[in-house]
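Remember, predicted model here, so these are calculated numbers, not experimental data. Keep in mind that the numbers below use all heavy atoms, side chains included, and drop hydrogens, waters and symmetry copies.
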Amino acid sequence: KEAVNLMRIVNLKIQNNYIRGVDQSLPSFKGIVCGSVEGTLSIEKNRIYLNHHSFNFGLGISFNGTPTNRGLVANNIVDVVVGSGSINENSAFATSGSTYLDIVHNTFRVKNISYGPNTNSTGMSAGLGSGYNNRFLNNIVVNNTGQWGAFSFKNDSNSTLTNNTIANNLSSNTTPYLMFLLNSVPVISNSIIIDNGEVYFPQSTPDITYSCVTGGFTGEGNIDEDPL
């Protein structure tokens, strides 16, 4: 079920909506899905709640194209709840392709109530070729349960993350990669990255400065302290 599925739209605004999907039979759920957008893009102040016991590709907000101008995704609250069965590729926020977005003041959560594998699932992800275009500012990425925990950046998805809170995320992978990086080097600053265990960055090492990181992390101004 796709509550909103939009492709090739000019000057798109999606604002102040409540999007809810609860179903036990459909193979996938998506809240807002955008392809290429010509002109401006604004997705703001939406509440998205998706609940399904067994589905693949449960996506709260998803992009597989890019606006011609910098797009804005701001002040949204997104929850994706999954349960038992074979579940795969669930994310509260996901991009693929060369997206060009400011992602600001959002809350992203994926809850796996069965604590099963939830393969390739994460709170937020940036896919192939996102480059340095995406900027994550002042977001809350907490209490996510999935194979990659908090976020997954792959294949040259070198986003910038500033003033974000990333906390209490659970990785179900055999080696608990709470932040999965594959050939990507995100630049993280002024952020809180907290977990009860170690914070792992497989395949690539991010550039982190002036942040509070569990276990400490090499970089100017980083600390390992209780942020409270």
With rounding to the nearest 0.5 angstrom, report the [atom1] to [atom2] distance, [X] to [Y].
{"X": "H105", "Y": "I140", "atom1": "NE2", "atom2": "CD1", "answer": "9.5 Å"}
{"X": "L50", "Y": "D79", "atom1": "CG", "atom2": "CG", "answer": "9.0 Å"}
{"X": "D207", "Y": "F217", "atom1": "CG", "atom2": "CZ", "answer": "8.5 Å"}
{"X": "I192", "Y": "I223", "atom1": "CD1", "atom2": "CD1", "answer": "8.5 Å"}
{"X": "F93", "Y": "S62", "atom1": "CZ", "atom2": "OG", "answer": "8.5 Å"}

(message) With clusters defined by side-chain heavy atoms of hydrophobic residues (ILVMFWY) lying less than 4.5 Å apart, directly or transitively, does L72 cluster with I48?
(response) no
(request) Could you state whether I19 and L12 fall into the same hydrophobic cluster, counting links through intermediate Ile, Leu, Val, Met, Phe, Trp or Tyr residues with side-chain heavy atoms under 4.5 angstrom apart? (result) yes
N/O donor-acceptor pair under 3.5 Å between [X] side chain and [Y] backbone:
{"X": "N222", "Y": "I208", "value": "yes"}
{"X": "N46", "Y": "N17", "value": "yes"}
{"X": "N139", "Y": "N106", "value": "yes"}
{"X": "S211", "Y": "N190", "value": "yes"}
{"X": "N158", "Y": "S184", "value": "no"}
{"X": "N168", "Y": "N143", "value": "no"}
{"X": "N134", "Y": "I103", "value": "no"}

(message) For F136 and F108, I'd like to know if the aromatic rings sit close, meaning centre-to-centre distance below 6.0 Å.
(response) no
Ignoring hydrogens, what is the shortest heavy-atom contact between [X] and [Y]? Give both atom names and the distance.
{"X": "K45", "Y": "N76", "value": "N-OD1, 3.4 Å"}
{"X": "D102", "Y": "R135", "value": "OD1-NE, 2.6 Å"}
{"X": "P227", "Y": "C212", "value": "CD-SG, 4.4 Å"}
{"X": "P206", "Y": "I188", "value": "CB-CD1, 4.3 Å"}
{"X": "L161", "Y": "I166", "value": "CD2-CD1, 4.5 Å"}

(request) Give the C-alpha distance, both sets of side-chain angles, the deciding distance and a yes or no for side-chain contact (heavy atoms from CB on, under 4.5 Å) between F63 and V73. (result) CA-CA 11 Å; F63 295 86; V73 180; 3.7 Å; yes
(message) Between L137 and T162, is there a side-chain heavy-atom distance shorter than 4.5 Å?
(response) yes
(message) I want to check something: taking the side chain as every heavy atom from C-beta on, are L41 and L101 in contact at a cut-off of under 4.5 Å?
(response) yes
(request) Check the pair I77 / R109 against side-chain contact (heavy atoms from CB on, under 4.5 Å), numbers first and verdict last. (result) CA-CA 8 Å; I77 300 175; R109 294 179 292 231; 3.6 Å; yes
